[in-house]
Every structure is written in C-alpha cells, then in structure tokens.
Protein chains: 2
Amino acid sequence: MHDHASCIRAALAHAESHCAREGLQLTPVRLRVLEILLEGHRALGAYEILDRLRDEGLGGQPPVVYRALDFLLRAGLVHRIETLNAFAACAHAGKGHVPVFLICRQCRHVIETPAPAGGQLERAAEGAGFAIETTVREAEGLCADCRIAA
Amino acid sequence: MHDHASCIRAALAHAESHCAREGLQLTPVRLRVLEILLEGHRALGAYEILDRLRDEGLGGQPPVVYRALDFLLRAGLVHRIETLNAFAACAHAGKGHVPVFLICRQCRHVIETPAPAGGQLERAAEGAGFAIETTVREAEGLCADCRIAA
DNA sequence: GTCGTTCTGTTATAATATAACTCGCTTGGC
DNA sequence: GCCAAGCGAGTTATATTATAACAGAACGAC
C-alpha cells in the first residue's frame, strides 16, 4: 500500500530545500498549486487547479495558475502531461530524470517511471542530423483499479 | 535527396487503395486535407489546414477539418503530434507501426521513425497492473537544416 | 419511394493558453 | 530615509484549440 501522507511530506520537503538551494521563491500560490497536484497521483487541468484556488480565495484568473505551473515545471517539481493537456506533480523528487508516464484514461491516475535507457532512438536521431533536446513518452490505458472496476 | 513528388504519389496511392479495401470513403475534403499535410513533412495545426481549405472554397468551419482529421487518424493515414497539438501525414504507408517522432521546434519538420522495440516499459506497466492501450513518443529539438541555419 | 446511414454545412460554445498592462512588495544602493 | 530595479501577483482582454448539436444533401437497401 502506498503511504501517501509521507509521500506528500517528502515531496514538499524536497521542493522547499530545492528552491532554497537554487534561490527560487516558493510563494504561497506556487506552493498551493504544488500541494493540490500532490493530493492524488493524478493529472489535473489548469482550470481544475484554478477552480480549487478560487474556492480558497487565491489567484482568480488563468494567468495566475499558468505562471505558477510554469515556475514548477521549470523547477522540475511538476510535469506536463501532453496527451491530456494537464499537469502532474513529479513523483521522483527532482532526481534528474527523463520521465515516462502511464496514464489511466479513466481516472487520470498517473504513474511515473524512470525512462528505460534509450540509445536506439538517439542513434536514429544522430543519423538524421537531428539534435534532441527534450523527449516525451506517455502510455495511455487502464490502471489496475479501473481494470478491476470495469 | 528526398524525392518528395514520388513520396506524395506513393502516399496518395496507398491511401486510395487502403480506403477502397476497407470500404472507407476518401471524400474530396478528406483527400484535400491529406494532400495539404503531405505537401511538406511538417506538422500543421487544424486551423492552418482550415485556412487552406477556406482559400479553396472547401469546408469553412472547424468541425469540417476536425472530422476529416478524425477520419484520417482512424484510417492511420495521419498522426497527431501531441506536443504541438498538430497533425502530420503518416510517412510509413500504413504498415502497422508505433511511430516515434523527431520534431523540429523551429520549422516543425517531422521525421517519423519506427519505434525501437520496447519491452522494458511494457514490463514496468505489467508490474503495476497497468494495461497499455496506446503510447506516444515524441522528441523535440532542431533538425539538420535548422542547426545549420542557426 | 422512403428509410437509414454517412457525409457536409452551420451556429454556437467549451476548453486550453497567453498578451499586455497594473500594482505592490522587497531589496539593495545611496 | 528614499528611490529605483526586479519580481511576483492581479486583472482585462483575447488567442488558440476543440466539440456539441442540429439541419440538409447524397446514396444505397429494400
């Protein structure tokens, strides 16, 4: 069983020490967005997050959320899920990593795993004279819980 | 050097025979959308395609383009590029394949390569009880031409 | 013919994202 | 103390991407 409370605590502790070390400001809005994303290992759309913030009297307009997300993305504390146009908290405490996501199409649960060491793709790119800067790898399907429920 | 004229001809021939075989209707709008995507190996947004169609007096509203794209996607003649929210013609004549894309962030040139046989990711999914249905793999960077131009 | 299906046309609107400008706060120099 | 610079947040407006919902035309099955 996943000890989610300690998982959240660890992620927040990492975020704070990381920002302190790098001289980044983990302001209330940014922290709150991170906390909201950490609540479940789920992808949330920017506007879902915005609704939550509004309920709490924090930032009321889209740019507030997008700026916070932009900060968290650049700090490596959050990932963007391209296939959902959504966002999920990083589950790997900022160790430099190329994440791969298993995304449940039903409940939006996101499992983040380390990328299988590539090589083959990199060699193909090399051959084409293509310089890879970032890669995205996402698999969509049904998570264990939703398979059982189905 | 890439013989693009014959590349287009082959893709169109494949599309027609594929649709004939499967009983799919490659209507004028659908064909035209495919042709537009085939013009360059580039990703185009739905609204870029729509503008082209409008200039030619074809479908004038978004649903027309999205429906044509939906048809072409399901027929395997076109791929969606998730990181760009855009679309590119399939470069591999419909052989059942899991495509991987090398996407130039500057000129949107798209190179489609066959996926390196996975295994590792599938095993990770298996271990988590996750049933993969589709996967997306996209690398962004600079293509050979844009590297030279830079 | 007329019924059902498929494709297209159209209006309207939803969902996602950013531009541009304002203000207030901190902080460092003087 | 005062001011200027920089950064973050607030706000308005708008751009971009995508879909819902319904009307009409074309065509084959019967």
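Chain naming here is simple, since letters A, B, ... match the order of the sequence lines and numbering starts at 1 in each.
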- Could you walk me through whether B:T83 and B:V136 pass the side-chain contact (heavy atoms from CB on, under 4.5 Å) check? CA-CA 10 Å; B:T83 51; B:V136 169; over 6 Å; no
- Task: Could you please spell out the steps behind the side-chain contact (heavy atoms from CB on, under 4.5 Å) verdict for A:L77 and A:C90?
- Result: CA-CA 5 Å; A:L77 300 171; A:C90 174; 5.5 Å; no
- Task: Go through the steps for A:V33 and A:V78 under the test side-chain contact (heavy atoms from CB on, under 4.5 Å), then give the verdict.
- Result: CA-CA 10 Å; A:V33 169; A:V78 158; 5.9 Å; no
- Query: Do B:L142 and A:E133 pass the side-chain contact (heavy atoms from CB on, under 4.5 Å) test, and can you show the C-alpha distance, the side-chain angles, and the key distance before you say yes or no?
  - Reply: CA-CA 8 Å; B:L142 276 186; A:E133 293 169 353; 4.0 Å; yes
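A donor-acceptor pair is defined here as one N or O able to donate and one able to accept, closer than 3.5 Å; no such pair exists between the side chain of A:E138 and the backbone of A:V100. Although no hydrogens or angles enter the test, the distance criterion places a donor-acceptor pair under 3.5 Å between the side chain of A:R54 and the main chain of A:G60. Listed for the B:E22 side chain is no donor-acceptor partner under 3.5 Å among the backbone atoms of B:C19.
Rounded to an integer number of Å, the gap from CZ of A:F71 to P of D:dG6 is 19 Å. Between A:Q61 atom CD and C:dC21 atom C1' the separation is 14 Å, expressed in whole Å. Look at CG on A:L69: it is 13 Å from P on C:dT16, rounded to the nearest Å. At whole-Å resolution of the value, CD in A:E82 and P in C:dT16 are 14 Å apart.
Within residues 49-57 of chain A, no residue has any heavy atom under 4.0 Å from DNA chain D. Listed in residue order, the members of residues 18-36 of chain A having a heavy atom less than 4.0 Å from DNA chain D are A:Q25, A:T27, A:V29, A:R30.
Salt bridge B:R137/B:E82: absent, no basic N to carboxylate O contact under 4.0 Å.
For A:H79 and A:F101, the ring centers sit closer than 6.0 Å to each other.
When the shell of 6.0 Å around CD of B:E126 is examined, it contains 12 or fewer heavy atoms from other residues, nucleotides or ligands.
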- In B/S/- notation (B base, S sugar-phosphate only, - none; protein heavy atoms under 4.0 Å), nucleotides 17-30 of chain D written 5' to 3' is BBBBB---------
